[in-house]
Amino acid sequence: MEPWMTTFLDLSTGEVIDVVEGRDAGAVAAWLAAQPRWWRRRVDVVAIDPSASFRSAVRRWLPNGRSGG
């Protein structure tokens, strides 16, 4: 079992959308790739851990998203 988890949540409501095993680009990319394209295109703002692997997955799978801050 993976000791790290990644949590996806709706920033507007604070609602947890999903929690997946892993804390790397592969875990993030796999989850994002499994979401419908229409859903990914609606993502406007992404708040992430500052890791390079997370940024890489988000840039690939959420091209319309921009970092909040």
Side-chain angles (χ1 to χ4, degrees):
M1 179 177 219
E2 174 70 42
W4 298 102
M5 307 300 270
T6 299
T7 304
F8 296 89
L9 59 96
D10 183 328
L11 291 176
S12 64
T13 65
E15 177 183 357
V16 173
I17 298 170
D18 204 352
V19 178
V20 298
E21 285 191 32
R23 190 175 181 275
D24 59 16
V28 173
W31 189 87
L32 292 173
Q35 305 314 304
R37 182 176 288 181
W38 65 263
W39 183 89
R40 293 192 314 257
R41 288 185 178 191
R42 290 180 54 204
V43 173
D44 294 323
V45 177
V46 177
I48 61 171
D49 177 298
S51 76
S53 61
F54 278 19
R55 282 193 308 272
S56 173
V58 166
R59 283 187 187 128
R60 177 174 180 196
W61 292 100
L62 299 174
N64 296 330
R66 62 177 168 34
S67 296

Could you go through V45 and V43, starting from their C-alpha distance and side-chain angles, then the distance that decides it, and tell me whether this counts as side chain to side chain contact (heavy atoms under 4.5 Å, CB included)?
CA-CA 6 Å; V45 177; V43 173; over 6 Å; no
Given side chain to side chain contact (heavy atoms under 4.5 Å, CB included), test M5 with R23 step by step and report yes or no.
CA-CA 6 Å; M5 307 300 270; R23 190 175 181 275; over 6 Å; no
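The side-chain hydrogen bond (donor to acceptor under 3.5 Å, both in side chains) search around T7 returns none, not counting sequence neighbours. Residues satisfying the ring-ring contact (aromatic ring centres under 6.0 Å, His included) test with W31, not counting sequence neighbours, are F8, W39. With sequence neighbours excluded, the residues forming a side-chain contact (heavy atoms from CB on, under 4.5 Å) with A57 are A25, V28, A29, listed by chain and number.
Residues V20 and A27 approach most closely at CG2-O, 4.4 Å, considering heavy atoms. The two residues R40 and A33 make their nearest non-hydrogen contact at NH1-O, 3.5 Å.
Here CG of L9 is found 9.5 Å from CD of E15. Values are rounded to the nearest 0.5 Å. If you take CD on Q35 and CG on L62, they are separated by 9.5 Å, rounding to the nearest 0.5 Å.
Checked by atom type and distance alone, the side chain of R41 never pairs as donor or acceptor with a backbone atom of N64 at under 3.5 Å. T6 contributes a side-chain N or O that, together with a main-chain N or O of G22, makes up a donor-acceptor pair within less than 3.5 Å.
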